[in-house]
Amino acid sequence: MSACEKLLLLYTGGTIGMQQSADGLAPASGFEARVRAQQAQAGDLHLPNWCFRELLPPIDSANMSQSNWLAMVAAIRTGIEQDGCDGVLVLQGTDTLAYSAAALSFLLLGLPVPVVLTGAMLPAGAEGSDAWANLFGAMQALHQGTAQGVQVYFNGALMHGARVSKLQSDAFDAFTVLPRQRVAERATQLPDAINYRVQRQPVNIAVLPFYPGIQASHVSALLNSGVQALLLECYGSGTGPSDNAELLATLKAAHERGVVLAAISQCPQGHVEFGVYAAGSQLRNAGLISAGGMTREAALGKLFCLLGAGLPPAEVEHWFALDLCGERAE
Ligand code: ASP
């Protein structure tokens, strides 16, 4: 546990700082002055000292991309290495907050200070808003001392950044860590090739659920679009249409030419265990690797972390199968 004395408050946009426009709520700059005014008005909140950085332009997090995550990493490194911050609070919209928390969990492996993300369901200043409670609550939690790594603070709770999901679109307790099986070998040592200092590039990753009626042509259209990895959301314990030989051959051919194929379960509380059903074993034989009980957000962020660092497919598969930060083992 480390208690934060000098915090980097990194504002990226989201409902928390949005203002009403003719088209509805829209991202707005100038949030630092509003936070300082609210802090002064609230009196003694026991907060760390803080400096403010804003990623421009502030965005609705529906527009989140890998480039935004890389910009966050760069701003966080500047805050720590140049400004001497010993903790980070990222403010962003809730719609993709769990994706960002997961991506940052992997992109910031080895970072020596804690990082927390929060946002709000209602804008700061709106009646009944959760914005100030989430923001100042997260700052207080960091000041009191939090574990290293990435976490989400929301509605009074701190949650593991690589396990959390947004399950509600209209409730203050929008985020939850669902009980999913987490059993995996822990990586004993993290190689320099995947720590937070590595310069990464955006990569081409797609996510596709299996559904009754899926055709080999659907899957091959995606695989032929240049993806470096495909995250397949399988049924139950990791099954899919195993009687579709064309589909299985399509997957196998893509794997053989270096596309990483990873499998998560569509069940909110499920995990992949290919050997349970013959249908699952066929997917494994086609080259799919299991994400165990990882969430979609975690699997996507992990694939980006590994592929974005330029690792070859076999190494991506190796590190993907190990637990790097608590995403696949308790
Ligand atoms: N659409 C908004 C966003 O994700 C919702 C929010 O901030 O909660 O930025």
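Note that the structure is a prediction, hence the values are computed from the model and not measured. One-based numbering along the sequence shown.
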> Among all residues two or more places apart in sequence or in another chain, which pass the ring pair (Phe, Tyr, Trp, His ring centres under 6.0 Å) test with Trp132?
Replying inline: Phe31, Phe136
Quick check on [X]: does its [atom1] atom have over 12 non-hydrogen neighbours (other residues, nucleotides or ligands) under 6.0 Å away?
{"X": "Glu246", "atom1": "CD", "result": "no"}
{"X": "Gln199", "atom1": "CD", "result": "no"}
{"X": "Arg296", "atom1": "CZ", "result": "no"}
{"X": "Tyr277", "atom1": "OH", "result": "no"}

What pair of heavy atoms forms the shortest contact from [X] to [Y], and how long is it?
{"X": "Leu91", "Y": "Leu135", "result": "CD1-CD1, 3.7 Å"}
{"X": "Val88", "Y": "Ile80", "result": "CG2-CD1, 4.3 Å"}
{"X": "Val115", "Y": "Leu111", "result": "CG2-CD2, 3.6 Å"}
{"X": "Leu231", "Y": "Leu300", "result": "CD2-N, 4.0 Å"}
{"X": "Ser281", "Y": "Gly275", "result": "OG-CA, 3.9 Å"}
{"X": "Leu7", "Y": "Leu89", "result": "CD1-N, 3.7 Å"}

>> Quick one, Met18 with Ile16, criterion side chain to side chain contact (heavy atoms under 4.5 Å, CB included). Give me CA distance, side-chain angles, the key distance, then yes/no.
In response: CA-CA 6 Å; Met18 284 189 185; Ile16 193 163; over 6 Å; no
Taking only distance into account, with no hydrogens and no angle test, what donor-acceptor pairs under 3.5 Å do side-chain atoms of residues 234-242 form with protein atoms, sequence neighbours excluded?
| from | atom 1 | to | atom 2 | distance (Å) |
| --- | --- | --- | --- | --- |
| Tyr235 | OH | Tyr211 | N | 3.1 |
| Tyr235 | OH | Tyr211 | O | 3.4 |

Under 3.5 Å, side chain of [X] to main-chain N/O of [Y], donor-acceptor pair present?
{"X": "Thr78", "Y": "Ala74", "result": "yes"}
{"X": "Asn134", "Y": "Asn155", "result": "yes"}
{"X": "Ser21", "Y": "Gly24", "result": "yes"}
{"X": "Ser290", "Y": "Gly292", "result": "yes"}
{"X": "Gln66", "Y": "Val203", "result": "yes"}

Using residues 302-313 as the side-chain source, report each donor-acceptor pair under 3.5 Å to any protein atom, sequence neighbours left out, with the distance given to one decimal.
| from | atom 1 | to | atom 2 | distance (Å) |
| --- | --- | --- | --- | --- |
| Lys302 | NZ | Phe320 | O | 2.8 |
| Lys302 | NZ | Leu322 | O | 2.7 |
| Lys302 | NZ | Glu327 | OE2 | 2.5 |

> Taking it one step at a time, do Ser265 and Glu233 satisfy side chain to side chain donor-acceptor pair (under 3.5 Å)?
Replying inline: CA-CA 5 Å; Ser265 173; Glu233 300 191 351; over 6 Å; no
>> Whether Asp86 and Lys6 form a salt bridge (side-chain N of Lys/Arg under 4.0 Å from carboxylate O of Asp/Glu) is what I want to check.
In response: no
> Are any of the side-chain nitrogens in Arg197 or Asp192 under 4.0 Å away from the carboxylate oxygens of its partner?
Replying inline: no
Classify the side-chain pair [X]/[Y] by whether it contains a donor and acceptor separated by less than 3.5 Å.
{"X": "Gln151", "Y": "Thr146", "result": "no"}
{"X": "Thr96", "Y": "Gln92", "result": "yes"}
{"X": "Glu32", "Y": "Trp50", "result": "no"}

> Less than 4.5 Å apart, any side-chain heavy atom of His143 and any of Leu45?
Replying inline: no
> Any link between Val113 and Leu142 through a network of hydrophobic side chains (Ile, Leu, Val, Met, Phe, Trp, Tyr) touching at under 4.5 Å?
Replying inline: no
>> Go through it in stages, so that I can follow the logic: the residues are Asp83 and Arg53, the test is salt bridge (charged side-chain N to carboxylate O under 4.0 Å, His left out), and I'd like the CA-CA distance, side-chain angles, deciding distance and then a yes or no.
In response: CA-CA 11 Å; Asp83 305 337; Arg53 274 180 193 268; 2.9 Å; yes
